[in-house]
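Note on naming: letters A, B, ... go to the chains in the order of the sequence lines (proteins, then strands), and numbering restarts at 1 for each one.
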Amino acid sequence: MTLRRSPLDGAHRALGAKLVPFGGWDMPLAYPAGTLAEHRACRTGAVVFDVSHLGTVRATGGDALDALQAAFTNDLHKIGPGQAQYTHLLDDDGSVLDDIIVWWVDESDFHVMPNASNTDRVTAVVPGDDVTASRAILAVQGPDARARLAAVSADAAAVPRFAVRRVDVLGADCVVAGTGYTGEDGVEIAVPAAAAVDVWQAVLDAAVVPAGLGARDTLRLEAGLPLHGHELGPGITPLQAGLSWVVAWGKGEFRGRAALEAERERGVSRRLRGLEVDGRQPPRAGYPVLSGDEVIGEVTSGNFSPTLERGIALAFVPPTVDIGDTVAVDARGKPMPARIVKTPFVSRPAT
Amino acid sequence: MNVPDDRRYTNDHEWARADDAGRVRVGITDYAQDALGDVVFVQLPEVGATVAAGGSLGEVESTKSVSDIYAPISGVVAEINAELVDAPQRLNDDPYGDGWICVIEAADAAALDGLLDAAAYSALIAD
């Protein structure tokens, strides 16, 4: 299969990025500074990710709202035009087929953004056009993201958290949302493909550091955010993943509702929890979680936390396992003591 | 990619350099550290452990993967670079110097001659 390339592909190569296949796309894993430096830049300054591999399905017209309400778990009536919402697309058994951000751009204009490889699952249930190839998406994130982006576009920098605005950026018609996947403040900018390189370069010129998928993963892990294919996917429901707030029980029918209600009734069989080890060794996806000699769960994502300078992980464990409990992670035959902790592992200071 | 010609190399991207006393210092190559990305954890062997050429010597973990380190030569581990426990990034910063992993008291230091020289290793990583 040929890998798809972002409109910014040439810019990444010129910067010396290492590119890797991700969800059918060839995307930057890291730039020469490396994952740890990019991670720290996002926690202390500002970085920009090319996230053009996220899909965009544009649903327009009078029927769009009803179609989205029937397809997804969250309730768009909690928000309105000019706002963004995190939601799930479920299978009939309650499994999370995809986790999605909906940008409600105008009255009857929705940009539905699934994960890279799941765009077809969305177009199967939502009447809309796949406009992924027409734009790039830049995620500008970090405590200084807005201040530095203001040098490029004051309007883009001022889009509030979870708001969505049409903004002219350097003469290009962009859509900007106060969303992200790092646990930091920031915005995501959908730029027409033809203007992508100019906007990217202007952002870099504003002292924003390019960051790749490696840092994106360690940042989202520290923020306790799920990644589809790890914390969400076949056999995993929003309730098991601790994301019941994504399910709007009061709104009426949506796909997977019956299965989810049944699970809520009988209680979940496992629950996603954060765990922390003492040393630097990363617990990895697939490592068993132990209580004594007994396997009680499995790590879904784990890595070295550059902020905490120790190994952290998300793992499914029985619902009886609680914050503060001691468990162990079986690292290829060697048990590592671990503690169940609250997520996010790292939160930004209250402002 | 830097491949100094004062030492020998394995197909698994370790380097080995003998001193006059027949002790062999071991590490991973510049190519290996670049492929791994940022190293965050090193599992070192224990001093006194007997290792066989091609057998496991330890593990290197980066933000993206876990890789085994293999012994380039048979012998007994005489020294380890304990600095790597708290500063594993030395493997990235200076793989042929401060990022050394251990010293092996070789059973037969002449066995190093069977490993790749710099030219052969350069050819290997050029493929």
For V42(B), which atoms come within 4.5 Å of any heavy atom of chain A: side chain, backbone, both, or neither? neither
Count the heavy-atom pairs under 4.5 Å between each of K18(A), K334(A), Q281(A) and chain B, then report the option with the highest count. Q281(A)
Chain B heavy atoms under 4.5 Å from L29(A): which part of the residue, side chain, backbone, both or neither? side chain
So, taking the atom named CG in L36(B) and the one named OG in S67(B), what distance separates them when rounded to the nearest 0.5 Å? 4.5 Å
Any carboxylate oxygen within less than 4.0 angstrom of a Lys/Arg side-chain nitrogen, looking at E59(B) and R284(A)? no
What distance do D94(B) atom CG and W100(B) atom CH2 have between them, rounded to the nearest 0.5 Å? 12.5 Å
Is D34(B) close to chain A through its backbone or its side chain, or both, or neither, when contacts mean heavy atoms under 4.5 Å? both
Please state whether the rings of Y96(B) and W15(B) are parallel, tilted or perpendicular, taking 30° and 60° as the class boundaries. tilted
